[in-house]
There are 2 protein chains.
Amino acid sequence: MPDAADPAPMNAPSRRKFRREGEERRRQDLIDATLDSVAEHGLEGATVRTIALRAGVTAGLIRHYFPGKEDLLQEAYAALMGRMTEQAKAALLMEDASPRQRLAAFVTANLNAPIIDQRVFSLWATFIGRAGADPTLARAHREGYLGFRNEVEAVVAEVLAAERRKPDASELRHHAIAINAIIDGLWIEGCLAGEMFSPGELAAIGIKAIEAELGLAPEKQFQEK
Amino acid sequence: MPDAADPAPMNAPSRRKFRREGEERRRQDLIDATLDSVAEHGLEGATVRTIALRAGVTAGLIRHYFPGKEDLLQEAYAALMGRMTEQAKAALLMEDASPRQRLAAFVTANLNAPIIDQRVFSLWATFIGRAGADPTLARAHREGYLGFRNEVEAVVAEVLAAERRKPDASELRHHAIAINAIIDGLWIEGCLAGEMFSPGELAAIGIKAIEAELGLAPEKQFQEK
DNA sequence: AGGCTATTTATACACTTGCACAACAACGCC
DNA sequence: GGCGTTGTTGTGCAAGTGTATAAATAGCCT
């Protein structure tokens with residue numbers, strides 16, 4: 001069998017073969033390659049050459065799609081945040097479920113794969129570490145955080161309303177902050193030391209902690225089936 | 001008035017003046033300069049020249065105290081973790097105080113300055129972002145985390161014992177995980193959006209959430225004076 | 001005071017980085 | 001099928017990187 005994997009052009013100028021991809025496709029590939037590079041080697045290791053190699057193109061092409069490396073990183077971070085919040089909020093969209101069930105589903109979704117994931121955490125930490133120096137990143141985070149917290153606050157209000165309780169705004173805000181902290185904290189623990197917890201354990205801990213925070217009597221109905 | 005700040009050697013080879021510092025002092029200065037550089041410009045911006053400039057020396061000196069740049073970063077991270085856990089645990093050392101008071105003091109200490117600090121958070125995030133790729137960092141974090149959680153678990157055990165409750169090991173572990181998450185989550189919120197919270201608000205939220213988690217009746221005794 | 005030695009500076013070097021630019025070739029269109 | 005457009009490659013370059021090493025000098029010891 002002749003060597004199929006390597007055409008071995010003996011003396012030709014041997015320029016690399018390539019395919020023209022759609023613009024959106026290439027941009028996505030480059031962004032994905034950027035996130036992979038950052039996750040694996042950090043921001044310092046995410047060079048245009050590394051990224052291009054991973055995307056299967058040469059370095060020069062990056063400048064054809066992005067004004068500069070900084071812009072690529074910016075868009076990569078935006079894409080990451082978009083995917084995270086999108087997945088997180090998706091769990092809240094359950095129709096015909098009690099507020100309490102939806103809250104439990106939300107917590108469960110946030111404390112299991114694919115949200116609990118070391119790679120995503122590495123990316124989050126790497127980017128957020130520069131929020132102190134980069135106002136653009138700081139505001140991007142702030143907006144994502146407030147959006148997330150508002151979602152939590154809305155569900156909490158529904159849950160308490162279903163229990164015939166009428167919390168004032170301050171009380172509601174405090175609950176949302178605390179619940180947000182519980183989810184974030186457990187998320188970090190799970191990402192950094194996932195194998196220390198049995199499957200579903202973090203979600204169970206989170207739900208119990210949140211029920212305690214809200215003063216809900218633990219009900220059995222969520223355990224059967 | 002003759003120019004006092006600049007001796008202005010007219011034609012001398014003009015080699016830079018310097019002072020010999022003690023070894024430990026120099027190492028500490030270099031480590032501090034490293035942390036400052038990382039906090040401000042990230043790992044990518046922490047070059048030997050930047051660090052040396054900030055420490056008031058020239059780049060070559062770094063190699064006189066550290067085998068390589070990587071070692072300097074390693075020691076800087078170790079120093080950071082050491083200071084953080086040291087400060088955190090210090091609040092637990094109150095003698096003649098009820099377990100519950102000590103727990104409250106611990107939470108309060110962790111949710112106020114200087115633990116709540118954007119610079120410290122940037123450093124933590126920047127380094128921890130590489131924990132996925134760097135096993136050394138990962139283990140360093142794991143040990144620090146477990147040490148912290150064990151402290152929490154010990155206080156929780158004392159608090160519950162004072163309430164005449166006898167939790168089993170699993171229950172204790174879950175409480176520690178949840179409380180750890182509450183503290184971590186609120187710590188992040190405070191570091192990233194400190195000005196959104198009034199002074200002491202995060203600590204109050206944390207204490208209330210933890211008391212709920214432990215099933216402690218909110219007592220008034222901690223509010224007066 | 002004067003020398004010794006280790007600390008510190010300064011320079012050099014090989015290598016990498018982001019970016020610029022010209023040559024090239026894949027693909028749509030006539 | 002030939003041709004033009006432009007996505008893509010390859011090369012080059014100046015600036016910056018970590019490290020090696022020689023030269024200089026600050027401060028201690030006698």
Side-chain angles (χ1 to χ4, degrees), chain A residues 7 9 11-34 36-38 40-77 126 130 134, chain B residues 6-7 9 11-34 37-38 40-77 126 130 134:
Chain A
N11 51 0
S14 99
R15 200 181 174 89
R16 174 177 177 169
K17 292 279 192 279
F18 62 92
R19 283 201 325 148
R20 300 171 101 127
E21 295 284 355
E23 163 163 357
E24 217 41 54
R25 169 70 184 274
R26 270 278 190 260
R27 293 179 65 89
Q28 268 309 315
D29 284 350
L30 286 173
I31 286 178
D32 288 340
T34 302
D36 283 342
S37 298
V38 172
E40 201 161 320
H41 306 105
L43 275 175
E44 36 169 357
T47 72
V48 288
R49 285 170 178 82
T50 302
I51 295 170
L53 178 66
R54 202 181 277 266
V57 297
T58 51
L61 190 61
I62 289 183
R63 289 264 326 181
H64 192 260
Y65 285 100
F66 301 91
K69 184 197 173 189
E70 215 56 39
D71 303 80
L72 172 56
L73 284 174
Q74 196 97 331
E75 290 207 28
Y77 178 65
T126 302
R130 297 217 327 186
D134 189 334
Chain B
D6 186 358
N11 51 1
S14 100
R15 199 182 173 88
R16 174 177 177 167
K17 292 280 193 279
F18 62 92
R19 281 200 328 147
R20 300 171 101 128
E21 296 283 356
E23 163 164 358
E24 217 41 53
R25 169 67 184 275
R26 269 278 189 261
R27 292 178 67 88
Q28 266 310 315
D29 284 351
L30 286 174
I31 286 178
D32 288 339
T34 302
S37 298
V38 172
E40 201 160 320
H41 305 105
L43 275 175
E44 37 169 356
T47 71
V48 289
R49 286 168 179 83
T50 301
I51 294 170
L53 178 67
R54 202 182 275 265
V57 297
T58 51
L61 191 60
I62 289 183
R63 292 274 328 220
H64 191 261
Y65 285 100
F66 300 92
K69 184 198 174 190
E70 215 56 38
D71 303 80
L72 173 55
L73 284 174
Q74 196 98 332
E75 289 207 29
Y77 178 65
T126 302
R130 298 217 325 186
D134 188 337

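Lettering of chains follows the sequences in order, A, B, ..., and the numbering in each one begins at 1.
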On a heavy-atom basis, which atom in [X] and which in [Y] lie closest, and how many Å separate them?
| X | Y | result |
| --- | --- | --- |
| A:K69 | A:L43 | NZ-O, 4.3 Å |
| A:G56 | A:R16 | O-NH2, 2.9 Å |
| B:A59 | B:R49 | CB-CG, 3.9 Å |
| A:I51 | A:A46 | CD1-O, 4.0 Å |

Starting at atom [atom1] of [X], determine the distance to atom [atom2] of [N], rounded to an integer number of angstrom.
| X | N | atom1 | atom2 | result |
| --- | --- | --- | --- | --- |
| A:L73 | C:dC19 | CG | P | 10 Å |
| A:F18 | C:dC24 | CZ | P | 12 Å |
| A:E23 | D:dG7 | CD | P | 7 Å |
| B:L30 | C:dT9 | CG | P | 10 Å |
| A:R27 | D:dT8 | CZ | P | 12 Å |
| B:D29 | C:dT8 | CG | P | 10 Å |
| A:H41 | C:dT16 | NE2 | P | 14 Å |
| A:L43 | D:dT17 | CG | C1' | 17 Å |

Selection: residues 47-70 of chain A, any non-hydrogen atom under 4.0 Å of DNA chain D
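A:R49, A:V57, A:T58, A:G60, A:L61, A:H64, A:Y65 - these, ordered by number, are the residues of the stretch whose heavy atoms sit under 4.0 Å from the strand.
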Any idea which of C:dT7, C:dA25, D:dA23 is nearest the B:R15 side chain?
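Nearest to the side chain of B:R15 among the choices is D:dA23.
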Within less than 4.0 Å of OP1 or OP2 of D:dT8, is there a side-chain N or O belonging to A:R26?
yes
Quick one: is C:dT9 close enough that its OP1 or OP2 comes under 4.0 Å of any side-chain N or O from B:R16?
yes
For B:R27 and B:Y65, indicate whether the former's side chain and the latter's backbone hold a donor-acceptor pair under 3.5 Å.
yes
To the nearest 0.5 Å, what is the distance between CZ on B:R25 and CZ on B:R19?
7.5 Å
How far apart are the C-alpha atoms of A:L30 and A:V57, what are their side-chain angles, what is the distance that settles it, and do they pass the side chain to side chain contact (heavy atoms under 4.5 Å, CB included) test?
CA-CA 9 Å; A:L30 286 173; A:V57 297; 4.1 Å; yes
If you find the nucleotide of DNA chain D closest to B:G45 and the one closest to B:K17, which residue's nucleotide is nearer the 5' end?
B:G45
